[in-house]
Every structure is written in structure tokens, then in C-alpha cells.
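The analysis underlying the following values was restricted to heavy atoms, covering all of them including side chains, and did not include hydrogens, waters or symmetry mates. Order of listing sets the numbers, starting from 1, for every ligand and every atom in it.
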Amino acid sequence: MNSGSSIATESAIATADVIQVEQLDYFFGKGDLRKQVLFGINLAIASGEIVILTGPSGSGKTTLLSLMGGLRSPQSGSLCMLGTELVGAAKTVAVEARRSCGYIFQAHNLHSSLTAQENVMMGLEVHGTHSRSERRDRALEMLSLVGLGERTQYYPEDLSGGQKQRVAIARALVSHPKIVLADEPTAALDKKSGRDVVEIMQRLAKEQGCTILMVTHDNRILDTADRIIYMEDGRLINSPEPVAIAPIVKSF
Ligand code: ADP
Ligand code: MG
């Protein structure tokens with residue numbers, strides 16, 4: 001949690017919130033079909049936090065994640081990712097935001113014509129900063145970390161649901177993103193695989209110092225979060241309490 005901006009020092013800035021949302025509204029459609037799906041969202045997520053976002057279907061969770069990831073353009077309010085404002089931002093800025101986040105979706109979204117290794121290499125391709133051999137080495141390393149060192153040349157159709165989701169995790173994390181957005185990553189998995197997948201994400205995130213925001217309905221994994229937030233009808237319920245103004249602030 002961000003603890004009082006008025007006492008910001010260099011070290012405080014280094015640990016500042018990586019996701020900051022203020023009074024964010026969002027509307028789908030135009031004219032008569034215009035429909036508001038997000039209402040005055042306020043949320044701050046600190047570096048290294050693992051936050052679970054839960055709530056009924058249709059409450060706006062995926063919409064919020066897609067705005068954070070630069071997949072949709074936010075219309076009003078404020079949405080800062082790694083200190084960059086996305087409301088009113090140029091397209092290039094949104095593209096940059098998209099690249100700085102790792103994504104894990106409910107359906108793993110792997111390319112069926114590519115091997116596990118090639119799928120993970122795709123996670124580095126958008127960055128264009130690594131040679132092919134570097135990409136391959138990093139992909140192989142990441143696949144071992146998620147326990148698939150023996151399956152690197154398999155195609156998605158020859159992997160189980162849990163294994164495919166682990167490939168998706170490897171692809172999302174191979175570029176060491178500062179933020180990982182995961183939308184119901186365990187929805188298609190049985191209990192054991194779902195738990196494994198989340199524990200792998202959690203471990204890698206802690207090792208890489210990244211922040212995770214994960215949408216889930218799966219109450220078997222709620223204990224993996226540092227914090228749980230709840231959305232209903234486009235609103236966050238139990239938003240973070242206002243920051244208490246500590247007496248120390250007065251001396252600055
Ligand atoms: P959740 O992920 O919590 O299930 P969503 O963010 O997918 O919720 O959806 C929130 C609301 O926005 C729902 O009422 C849904 O019908 C609507 N919605 C989602 N995507 C679109 C879209 N592309 N066009 C119009 N309405 C949409
Ligand atoms: Mg959803």
C-alpha cells in the first residue's frame with residue numbers, strides 16, 4: 001500500500017504503487033446503446049503485491065484488467081501503470097503499457113502450430129531486444145522453472161490443461177514484466193492443477209519482484225493473495241481505507 005505521498009523520499013518512490021486507479025469510469029457502446037460498466041474505481045497496488053480481484057460474472061473485472069493492460073483505452077478518470085497515465089495517452093504509450101505487462105488468460109491462448117518453447121519465445125519477440133539464441137535459452141530456462149523442462153518440444157495439443165497453462169505462465173513471465181495481469185487463470189483446471197499453476201505464478205513473481213493482479217472465482221486459491229478485492233456491478237466494494245494522516249507528515 002502507498003503510505004502517504006507527502007513523505008515521499010527516494011526509497012518511497014522506488015516502492016511506490018505500480019498500479020494507480022482514480023475515479024475510473026468506463027462505458028461500452030455509443031448513443032442509446034451506451035452502457036456504463038465501471039463506476040468510480042479507486043485502487044492502488046504496490047510493487048510486489050499479489051492481489052486477487054473477485055466478484056460475480058459480468059461485474060467488470062475483465063474490463064478493468066483490459067484497461068490496465070492497454071487492450072482498451074480508458075475514457076475518464078485516471079489510470080497510471082508504472083507511473084504512466086493511460087487516460088488520454090497516445091497509442092504508442094498504450095502499446096508500451098501492453099508490453100510492460102505479462103498476461104495470462106483463462107484460455108491459455110497458445111499458438112497451436114508452435115511448440116511450447118516457441119510459444120514462450122513469443123513472449124520475448126514483441127520486445128525485439130534479444131537474439132534468437134537468447135530467446136531460446138530464456139524460454140528453455142523458463143519452461144524448466146515451471147516444471148516443463150521435459151516437454152519443451154511438445155505442441156499444445158499434446159499437453160494437459162495444467163501444462164498448457166504453465167506454458168502460458170512461462171510466456172507471460174519470460175520477459176520479467178513488472179506487472180502480471182491474470183484473468184481467471186485456473187478456471188479450466190482441476191483443483192490440483194489450479195493450485196500448482198497459482199503457486200508457480202506466486203513463486204516466480206516473488207523471485208522476479210513482480211506485481212500480480214489476478215481475477216478468480218476460485219476460492220481454493222484465495223489464500224495465495226496478499227490482499228483480496230471484490231467487485232460488484234462495476235464498483236469495488238471495500239475499497240482501500242483512506243490513508244490515515246500520521247502526525248509525522250506535519251514536520252515536512
Ligand atoms: P467480468 O469479467 O467481471 O465477468 P466483464 O468485464 O467481462 O465482467 O463485463 C462487464 C460488463 O460489460 C458486462 O455487463 C458485459 O456484458 C459488458 N461487456 C463486456 N464486454 C463488452 C463489450 N465488448 N461490449 C459491450 N459490453 C461488454
Ligand atoms: Mg471476466
Side-chain angles (χ1 to χ4, degrees), residues 19-45 49-81 86-89 91 94-95 97-98 101-110 161-162 164-166 168-169 171-173 177 179-191 193-195 197-198 201-202 205 211-222 224-240:
I19 301 178
Q20 280 175 302
V21 185
E22 282 167 27
Q23 291 303 117
L24 185 73
D25 295 333
Y26 191 76
F27 297 82
F28 277 115
K30 290 195 169 71
D32 288 349
L33 296 175
R34 193 165 136 100
K35 178 185 164 202
Q36 186 165 4
V37 296
L38 295 180
F39 297 80
I41 304 289
N42 290 301
L43 177 64
I45 299 181
E49 254 194 306
I50 297 182
V51 177
I52 281 183
L53 170 59
T54 189
S57 184
S59 55
K61 306 181 297 297
T62 295
T63 305
L64 180 59
L65 241 63
S66 62
L67 290 166
M68 287 174 172
L71 302 177
R72 293 185 186 285
S73 302
Q75 300 150 341
S76 65
S78 170
L79 170 56
C80 284
M81 299 295 283
L86 297 186
V87 175
K91 212 174 167 191
V95 169
R98 202 176 309 166
C101 293
Y103 266 100
I104 303 166
F105 297 97
Q106 171 176 355
H108 51 77
N109 278 0
L110 301 179
K164 280 187 277 221
Q165 204 54 306
R166 283 190 270 153
I169 291 176
R171 183 182 53 186
L173 291 171
I179 300 172
V180 171
L181 302 171
D183 199 352
E184 306 199 38
T186 66
L189 304 180
D190 61 56
K191 180 177 176 178
S193 318
R195 183 90 208 170
V197 157
V198 170
M201 271 172 63
Q202 192 183 25
T211 305
I212 296 186
L213 177 58
M214 173 162 61
V215 171
T216 187
H217 289 291
D218 188 348
N219 49 25
R220 298 166 305 203
I221 58 174
L222 295 182
T224 56
D226 297 320
R227 178 155 62 110
I228 297 168
I229 52 181
Y230 188 77
M231 184 176 263
E232 205 170 292
D233 296 335
R235 295 178 171 83
L236 287 185
I237 315 287
N238 298 330
S239 295

Report summary line: All heavy atoms of Ile228 vs all of Ala225, minimum pair found to be CG1-CB, 4.1 Å
Query raised in the report: Using 4.0 Å as the upper bound for N to carboxylate O, is an ion pair formed by Arg235 and Asp233?
Result: no
Query raised in the report: What's within reach of the Mg ion (ligand 2), meaning protein N/O/S atoms under 2.8 Å?
Result: Thr62 OG1
Requested in this report: Starting from the C-alpha separation in whole Å, work towards a yes-or-no answer on side-chain contact (heavy atoms from CB on, under 4.5 Å) for His217 and Lys61.
Outcome: CA-CA 11 Å; His217 289 291; Lys61 306 181 297 297; 3.9 Å; yes
Query raised in the report: Just one of Val198, Asn219, Leu222 clears the side chain to side chain contact (heavy atoms under 4.5 Å, CB included) bar with Ile52, so which one?
Result: Leu222
Query raised in the report: Step by step, would you call Leu110 with Arg171 a side-chain contact (heavy atoms from CB on, under 4.5 Å)?
Result: CA-CA 9 Å; Leu110 301 179; Arg171 183 182 53 186; 4.0 Å; yes
**Report entry** Heavy-atom closest pair, residues Cys101 and Gly69
**Finding:** SG-CA, 4.5 Å
Report task. For residues Leu24 and Ser76, report the shortest heavy-atom separation together with the two atoms involved. Result -> CD1-O, 3.2 Å
Requested in this report: Heavy-atom cut-off of under 4.0 Å around ligand 1: list whichever protein residues fall inside it, by chain and number.
Outcome: Phe28, Lys35, Val37, Pro56, Ser57, Gly58, Ser59, Gly60, Lys61, Thr62, Thr63, Arg72
Requested in this report: For the pair Leu38 and Leu67, evaluate side-chain contact (heavy atoms from CB on, under 4.5 Å) and give the outcome as yes or no after the intermediate values.
Outcome: CA-CA 11 Å; Leu38 295 180; Leu67 290 166; 3.6 Å; yes
Query - Ring geometry between Phe105 and Tyr103 (parallel below 30°, tilted from 30 to 60°, perpendicular above 60°) - result: parallel
